[in-house]
Amino acid sequence: MALRSVVSRKTLAPALRHYRSLTTFTLPDLPYDYGALEPAISGEIMRLHHQKHHQTYVTNYNKALEQLDAAVSKGDAKGVVQLQSALKFNGGGHVNHSIFWQNLKPVSEGGGEPPHGALGWAIDKDFGSLEALVKKINSEGAALQGSGWVWLALDKEQKILKVETTPNQDPLVTKGVSLVPLLGVDVWEHAYYLQYKNVRPDYLTNIWKVINWKYASEVYEKESA
Amino acid sequence: MSKRTVEIHWGKHHNEHVERLNKHLKTSAFYGHTLEEMVKATYNNGSPLVEFNDSSSVWSHDFFWESMQPNGGSMPKGGVLDQIKKDFGTFTNFKDEFTFAALSIFGPGWVWLYLKKNERKLAVAPTQNAISPLVWGDIPIIGLDMWEHAYYLDYKDDRSAYVNNFLDHLVSWHSVMVRMMRAEAFVNLGEPKIPVA
């Protein structure tokens, strides 16, 4: 009698999985109280801007990143490309606002104090004077149709300062890979509407009282070294 | 929609566009066009000319105010309701699609119920900045401004409350009916009645 033993072994060990941890983002804390920038920017605006708008960008950016991760793992090229606008919008929103909170400072902590040192000289060289720079930023910010940002940028390659605008939440780098943001002013309506209504020029005039030139100087000195 | 919002939205934002458009018209080659013609022409197939923003904003805001009425909302009746059911399944589906489109916009924009001329059916679409279905040749039926200035004073960042309130309490189905009537001069919505004898 032929014995035939059929040996079947079910592989119990799971298939080798590559686990890639996805870095997600959290809302950064503000380095000052919501009301600390008054009267230039109201506490109500700061609270909504930070807790609602910026938080929404962070939440939706994380969602888009998870979807991207899944699409990349599956090799879903169409899916990856389709996610780009959500990534740019929400990721840009997170990047831009994170810079913006650093660009502001209560008056009692040095907000509004004009730049000295290297950045001060660079501004005089490239714009003539601080007043001229402020005037240019304000006029470009007021003229921006729709939503966006107006930036004081350092062009690392050309070694000069520039004023640029970006639409919606496009980060500054979309205007040039060698551009480093020193200051960004949010001209989306949510940034000023409750306080200034449609009078964006008044918001732009007043925000200089709480602009953190010290931060801009630090970034400038680091990036132009 | 609060009185305050209408005062500022109409009296300042809309008015600013009108004044800027009039300024353009002093020297513009498009002087003499109807506003609708000017919107389509200055859109320039996607490379908008300098007059586009203000002419389209003026048109869209006129359209927006007339898309609303006091004690609006509730439901359309008769032929309009039938057409909506035909093209969206149910009235609730239409409301859901309209709301979803409104909330999907990145940045400033508008959401429209419009009539597709070629397909002879109603559809919903979001647009960016000042664009409207006029630019691609279709017929707008309802327009809702989704720029932040349209809702921020009343709703802060709660866009879905703004859209729901518009649909439930503001939208003028009377205007919709009039616009559909006019649209039927250009688009055959029903099947033609060919007499038997």
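A note on names: the letters A, B, ... follow the listed sequences, proteins ahead of strands, and every chain is numbered from 1.
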> Quick one: which of B:His33, B:Met38, B:Glu51 gives a side chain to side chain contact (heavy atoms under 4.5 Å, CB included) with B:Leu25?
Replying inline: B:Met38

> Quick one: which residues of residues 147-185 of chain B reach chain A at under 4.5 angstrom, heavy atoms only?
Replying inline: B:Trp147, B:Glu148, B:His149, B:Tyr152, B:Leu153, B:Lys156, B:Asp157

> Do A:Trp101 and A:His49 make the cut of ring centroids closer than 6.0 angstrom?
Replying inline: yes

> Would A:Lys88 and A:Gln169 count as a side-chain contact (heavy atoms from CB on, under 4.5 Å) if you check the C-alpha gap in whole Å, the side-chain angles of each, and the deciding distance to 0.1 Å?
Replying inline: CA-CA 7 Å; A:Lys88 183 162 85 157; A:Gln169 292 298 350; over 6 Å; no

> CD/A:Gln158 to CG/A:Leu179 distance, rounded to the nearest 0.5 angstrom?
Replying inline: 8.5 Å

> Where on A:Tyr193 is there a heavy atom nearer than 4.5 Å to chain B: the side chain, the backbone, both, or neither?
Replying inline: both

> Which bit of A:Asn168 is near chain B, if near means a heavy-atom gap under 4.5 Å: side chain, backbone, both or neither?
Replying inline: side chain

> Which atoms of A:His53 come close to chain B, meaning under 4.5 Å heavy atom to heavy atom: side chain ones, backbone ones, both, or neither?
Replying inline: side chain

> Given that the side chain runs from C-beta out, which part of A:Ser85 has a heavy atom under 4.5 Å from chain B: side chain, backbone, both or neither?
Replying inline: both

>> Using the rule given for side-chain contact (heavy atoms from CB on, under 4.5 Å), can you reason through B:Trp136 versus B:Thr127, listing the C-alpha separation, both sets of side-chain angles and the distance that settles it, and then say yes or no?
In response: CA-CA 11 Å; B:Trp136 67 77; B:Thr127 57; 3.8 Å; yes

> Among B:Gln128, B:Arg20, B:His9, which has the most heavy-atom pairs under 4.5 Å with chain A?
Replying inline: B:Arg20

> Sub-3.5 Å donor-acceptor pair from the side chain of A:Arg200 to the main-chain atoms of A:Leu144, do we have one?
Replying inline: yes

>> What I want to check is whether the side chains of B:Asp54 and B:His17 have a donor and an acceptor closer together than 3.5 Å.
In response: yes

> Is a salt bridge present between A:Glu140 and A:Lys136, judged by a nitrogen-to-oxygen distance below 4.0 Å?
Replying inline: yes

